Amino acid sequence: MPELPEVETICRDLLRLVRGLVFEDVRIIDRRVIRGGSGAFFHRSLVGRKIVDVRRRGKAVVLDLGGLCLVVQPMMTGQLVARSGPAEDVLLKETKIVFLLSKRRQLLYNDQRLFGRLQIVAREEDLDYIRQLGPDPLDKNFTVEVLAERLRQRRPAIKTVLMDGRCIAGIGNIYASEILFRCGIDPCQSAMRLSMPQMMRLHKAVLEVLCEAVAMGGTTVRNYRSGDGQSGQFQNVVRVYGRDGQPCQVCGREIVRIVQSQRSTFYCSHCQK
DNA sequence: AGGTCGACCTGGCAGC
DNA sequence: TGCTGCCAGGTCGACC
């Protein structure tokens with residue numbers, strides 16, 4: 001599910017909706033989404049704690065509780081949705097955890113496929129996933145030189161490398177295809193063989209695509225919801241993702257789907273070389 | 001060490 | 001209608 005723009009949208013919503021609130025109770029409906037400790041430990045760690053900050057690390061949401069962090073990785077189908085009103089109204093089949101907050105608010109963790117994970121850690125860097133993350137594309141230090149340095153040693157296809165969070169944080173399957181279409185680069189080209197002009201176009205496309213997607217509240221393919229329960233809008237402007245068989249908006253030739261590293265890639269073989 | 005592949009899960013949809 | 005197989009936004013551990 002959520003890639004960088006979706007998780008960024010969730011974090012901005014949660015910052016607005018739940019910062020400063022206190023966990024009053026936690027109802028664990030399916031404990032399989034909890035990692036790194038028992039349900040009792042999870043419950044005990046949270047109750048009484050205040051949410052002092054919400055931030056994104058790669059594709060993870062970090063709820064900073066002051067000396068403790070609740071790290072949520074929604075993976076493919078996880079949702080973190082804040083709401084207010086009676087808690088009994090809202091239980092969906094996919095609701096796995098209900099966080100009861102002060103001021104009669106709740107935070108729901110919904111997850112159809114149970115791929116997502118929630119973990120309590122002292123510091124977010126305690127998680128391997130976060131410690132190993134590459135530079136974040138929305139960080140001001142993410143320059144074309146940084147990108148070139150990250151890609152220079154990587155032999156696999158650029159599409160595969162873009163999706164590796166240890167190389168660059170936050171880019172997943174939808175945006176990898178969209179970014180490569182935007183800068184006209186063949187997804188099968190080896191990352192280490194990109195020319196400097198290609199590298200500059202790629203850097204520009206990464207920023208453009210991700211910023212546009214954030215501005216549109218992310219992409220909803222089927223499950224994604226923002227922190228206030230809304231769908232994203234970027235799916236209405238994708239140019240290649242999921243459009244195999246349709247004409248390329250630039251040259252009119254057919255968009256094709258191929259499989260790289262067991263994931264679908266969509267591209268225009270005429271525009272991307 | 002870097003790279004590839006299945007496993008983790010549920011549900012929607014196309015095709016028969 | 002109902003079955004089967006394929007597909008889905010991510011990550012990780014086991015292997016080569």
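We use all heavy atoms of the structure for the numbers below, so side chains are in, but hydrogens, waters and symmetry mates are not. In this text the structure is predicted, and so the values were computed from the model without any measurement. Sequence lines set the chain letters: A, B, ... in the order given, protein chains first and strands last, and positions in each chain run from 1.
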Basic-acidic side-chain contact under 4.0 Å: A:Arg83, A:Asp228: no
Who is the Watson-Crick or G-U wobble partner of C:dC3, with both distances under 3.5 Å? B:dG15
Comparing A:Leu114 and A:Pro156 on DNA chain B - which has the more 5′ nearest nucleotide: A:Pro156
Report which part of the nucleic acid A:Glu94 touches: base, sugar-phosphate, or nothing (heavy-atom distance under 4.0 Å, all strands). nothing
When the P atoms of B:dA1 and C:dT11 are compared, how many Å lie between them, rounded to an integer? 23 Å
Passes side-chain hydrogen bond (donor to acceptor under 3.5 Å, both in side chains), A:Gln260 versus A:Thr265? Steps please. CA-CA 7 Å; A:Gln260 294 178 284; A:Thr265 299; 2.6 Å; yes
State plainly whether one hydrophobic cluster holds both A:Met163 and A:Phe115, where clusters connect Ile, Leu, Val, Met, Phe, Trp and Tyr through side-chain heavy atoms under 4.5 angstrom apart. no
Closer to the 5' end of DNA chain B via nearest nucleotide, is it A:Arg155 or A:Gln112? A:Arg155
Is the shortest distance from a Lys or Arg side-chain nitrogen in A:Asp164 or A:Arg154 to a carboxylate oxygen in the other one below 4.0 Å? yes
Below 4.0 angstrom, N of the basic side chain to O of the carboxylate: do A:Arg239 and A:Glu178 qualify? no
Between A:Arg49 and A:Glu24, is the closest basic N to carboxylate O distance under 4.0 Å? no
Distance check needed: C:dC7 P versus A:Ile174 CD1, whole Å only. 17 Å
Please work out which of the three classes, parallel, tilted or perpendicular, describes the rings of A:Tyr175 and A:Phe234, given edges at 30° and 60°. tilted
Whole-Å P distance, C:dT4 and B:dC9: 22 Å
How would you label the contact of A:Thr219 with the nucleic acid (heavy atoms, under 4.0 Å): base, sugar-phosphate, or nothing? base
Interatomic distance where CD1 belongs to A:Ile10 and P belongs to C:dG10 [whole Å]: 13 Å
May I ask you to say what A:Lys93 touches in the nucleic acid, namely base, sugar-phosphate or nothing, with a heavy-atom cut-off under 4.0 Å? sugar-phosphate
Nucleic acid contacts of residues 240-247 of chain A, taken as heavy-atom distances under 4.0 Å to DNA chain B: none
What's the verdict on side-chain hydrogen bond (donor to acceptor under 3.5 Å, both in side chains) for A:Thr77 and A:Asn223, showing C-alpha distance, side-chain angles and the deciding distance? CA-CA 6 Å; A:Thr77 51; A:Asn223 290 292; 5.4 Å; no
Determine, for A:Arg131 against A:Glu124, whether the closest basic-nitrogen to carboxylate-oxygen distance falls under 4.0 angstrom. no
Rounded to whole angstrom units, what separation is found between the CG atom of A:Leu133 and the P atom of C:dG10? 13 Å
Rounded to whole Å, how long is the line connecting atom CD of A:Glu3 with atom C1' of C:dG10? 9 Å
Walk along DNA chain B from 5' to 3' and tell me the first and last nucleotide with an atom closer than 4.0 Å to a non-hydrogen atom of chain A. B:dG3 to B:dG11
Considering every strand and a 4.0 Å limit on heavy-atom distances, what is the contact class for A:Arg263: base, sugar-phosphate, or nothing? base
